[in-house]
Amino acid sequence: MERRHDLDWVRVCAFGLLVLYHVGMYYVSWDWHVKSPHAGETLEPFMLLSSPWRLSLLFLVSGAASAFLLAKMPKGFLGSRSWRLLPPLIFGMLVIVPPQSYYEILDSGYPGGYHDGYLAFWRRYLAGDGSFCDQDGCLDLPTWNHLWFVVYLWVYTVAVWLINRIAPNALPRASQWLGRMLSGPGSLLWPVVLLAVVRIALVERFESTHALVDDWYNHAQYFSVFLLGFLMARTTGFWESLQRLRWFSLTLAAASYGFLIWYFYASGYGDANPPPDALRNFQRMVWATNQWTSIAAIFGFAYRLRHADSPALRYLTPAVFPVYILHQTVIVIAAYNLKPLGIAPLPEGLLLVALTFAACFGGYGIIRRIRWLRPLFGLKAGNGSSAKKPGAVEARAPS
């Protein structure tokens with residue numbers, strides 16, 4: 001089975017963008033773990049460039065990777081995916097994520113402050129201490145924070161595994177039917193319709209929580225695109241349609257982005273002056289249009305890279321998961337400790353990006369050489385000698 005290198009390239013770039021996005025979260029007015037004293041709306045239009053589609057893109061790539069893995073090893077599929085996802089999730093919640101909550105407490109100025117040090121906090125974190133409260137509520141401990149993506153991905157993986165076990169012919173038939181629906185212009189139309197219906201029906205009723213059990217709008221959109229990637233992974237006509245329509249998709253994505261910028265930042269509507277319901281629902285349709293046409297344009301342009309293997313890709317592909325696990329903790333720690341230096345936002349932001357990538361890839365360089373650490377960051381156990389060759393073991397690991 002030939003590997004789709006375009007999916008690898010998209011995945012690498014999407015996780016790189018995620019790092020930049022989370023650095024940006026330090027500087028915008030939206031709620032996040034720590035905040036810059038210069039936080040405001042300046043960066044928000046740039047953040048909105050990827051907000052509608054960034055995570056959906058990752059779930060679609062993950063769905064396609066799951067389809068290839070299931071075809072390759074049908075008997076060991078669930079075990080392989082669980083071993084890839086669950087140890088990093090547990091280790092991350094116990095070791096990697098706690099500093100984010102610690103610095104959030106220091107940065108937010110919880111009533112009475114906190115002065116007992118990190119190790120004392122970590123014990124309270126592991127004990128599920130719910131006493132860290134302010135006017136906005138209490139901090140949920142322990143937490144998975146940015147690792148919510150891993151939780152959702154595992155749940156969606158279990159769902160398709162169950163479907164395949166209970167009704168083994170259902171997924172191939174659905175793939176054939178969907179392949180006919182999503183050929184030609186249908187490859188753009190029907191996903192937009194689905195995402196628009198989901199957003200109009202659910203986004204106001206179910207706030208985004210990333211808490212799994214009450215996050216129904218996110219499940220509706222993310223599981224839909226995960227399943228779409230799973231079903232369309234080996235349907236060549238779908239990807240070729242995206243390639244043919246890539247410029248049209250890019251035009252629609254740019255136009256819809258322009259409307260969203262006007263709606264959120266220039267229309268005059270907001271909490272104090274709500275828009276008419278018709279305009280609000282139209283905005284949700286435009287959001288869905290931007291969400292899918294951006295994804296379609298990315299895959300359309302990337303499809304020509306499907307055979308483009310390279311040493312850089314073989315190094316970056318296995319690095320993605322460890323970098324993802326580490327990056328948000330690195331950003332939070334670095335941002336908090338840079339704040340007293342009073343650096344201007346632009347050089348500080350560039351420094352924060354450089355520090356994050358340097359620390360994460362430096363961490364990956366260590367992790368890949370230590371056998372017992374590798375599974376805790378989603379890598380095959382391997383050994384010290386294989387780790388000396390970038391990507392030698394992991395390059396064929398499932399995405």
Side-chain angles (χ1 to χ4, degrees), residues 5 7-28 32-36 38-39 43 46-47 49-51 53-55 57-58 61-62 88 91-92 95-100 103-104 107 145-150 298 302 305 308 310-339 341 343-370 373-374 376-379 387-392 394-395 397 399:
H5 297 295
L7 299 182
D8 290 331
W9 281 114
V10 168
R11 180 172 175 264
V12 166
C13 293
F15 274 105
L17 178 62
L18 185 66
V19 173
L20 299 179
Y21 188 89
H22 282 156
V23 171
M25 286 296 293
Y26 179 58
Y27 294 100
V28 295
W32 204 56
H33 307 286
V34 294
K35 300 304 298 183
S36 167
H38 306 287
L43 276 182
F46 298 97
M47 301 282 278
L49 266 170
S50 65
S51 292
W53 53 265
R54 186 187 67 259
L55 292 167
L57 177 73
L58 288 173
V61 171
S62 298
F91 177 74
V95 177
I96 305 298
V97 168
Q100 298 178 29
Y103 282 100
E104 182 174 351
D107 192 68
N145 277 3
H146 70 294
L147 299 182
W148 69 268
F149 175 82
V150 180
I298 290 168
L305 300 175
S310 74
L313 184 62
R314 289 193 294 273
Y315 175 81
L316 292 171
T317 296
V320 163
F321 202 18
V323 169
Y324 162 71
I325 292 170
L326 293 170
H327 83 279
Q328 185 160 293
T329 297
V330 172
I331 294 170
V332 168
I333 294 174
Y336 182 86
N337 287 282
L338 284 175
K339 189 184 298 188
L341 301 180
I343 305 172
L346 179 57
E348 182 189 53
L350 295 175
L351 178 59
L352 196 52
V353 169
L355 287 173
T356 301
F357 278 115
C360 290
F361 278 99
Y364 169 63
I366 296 171
I367 292 161
R368 57 192 286 270
R369 287 170 169 81
I370 300 176
L373 268 181
R374 292 171 62 89
L376 301 178
F377 288 87
L379 303 177
K388 294 178 182 178
K389 299 178 181 179
E394 308 97 331
S399 301

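Fair warning: this is a prediction, and the values are worked out from it, not measured in the lab. Numbering starts at 1 and runs along the sequence shown.
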Full working for side-chain contact (heavy atoms from CB on, under 4.5 Å) between S310 and W9: CA-CA 10 Å; S310 74; W9 281 114; 3.6 Å; yes
field: For I333, side chain to side chain contact (heavy atoms under 4.5 Å, CB included) partners two or more places apart
entry: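 I333: side chain to side chain contact (heavy atoms under 4.5 Å, CB included) contacts with P99, Y103, T329, N337.
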query: Do H146 and H22 have their ring centres less than 6.0 Å from each other?
result: no
message: With a 6.0 Å cut-off on the ring centroids, do Y26 and Y336 count as close?
response: no
Please find the pair of heavy atoms, one from [X] and one from [Y], that lie closest to each other, and give the distance.
X: F149; Y: S62; answer: CZ-OG, 3.9 Å
X: P88; Y: G378; answer: CG-N, 3.4 Å
X: L58; Y: R11; answer: CD2-O, 4.5 Å
X: G92; Y: L147; answer: CA-CD1, 3.7 Å
X: V34; Y: A335; answer: CG2-CB, 4.3 Å
X: S50; Y: L17; answer: CB-CD2, 3.8 Å

Report yes if some heavy atom in the side chain of [X] is under 4.5 Å from a heavy atom in the side chain of [Y]; otherwise report no.
X: V332; Y: E104; value: no
X: L379; Y: P318; value: yes
X: I325; Y: L376; value: no
X: V19; Y: Y324; value: no
X: M25; Y: H33; value: no
X: L55; Y: W148; value: yes
X: W32; Y: I331; value: yes

query: Taking R374 for the side chain and I370 for the main chain, is one N or O donor matched with an acceptor at less than 3.5 Å?
result: no
field: Whether K35 side chain and D107 backbone form a donor-acceptor pair below 3.5 Å
entry: no
About how many Å separate [atom2] of [Y] and [atom1] of [X], when rounded to the nearest 0.5 Å?
X: R54; Y: L49; atom1: CZ; atom2: CG; result: 11.5 Å
X: R314; Y: D8; atom1: CZ; atom2: CG; result: 11.5 Å
X: F321; Y: L326; atom1: CZ; atom2: CG; result: 11.0 Å

For residues 345-361, run the donor-acceptor check on the side chains, cut-off 3.5 Å, and write out each pair with its distance to 0.1 Å, sequence neighbours left out.
from: E348; atom 1: OE1; to: Y27; atom 2: OH; distance (Å): 2.8
from: T356; atom 1: OG1; to: L352; atom 2: O; distance (Å): 2.7

task: Using the six-membered ring wherever Trp is involved, compare the ring planes of F377 and F91 and label them parallel, tilted or perpendicular (cut-offs 30° and 60°).
output: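 Taking F91 first and then F377, their aromatic rings stand perpendicular (interplane angle over 60°).
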- request: State which residues pass side chain to side chain donor-acceptor pair (under 3.5 Å) with S51; sequence neighbours excluded, sorted by chain then number.
  value: Y21
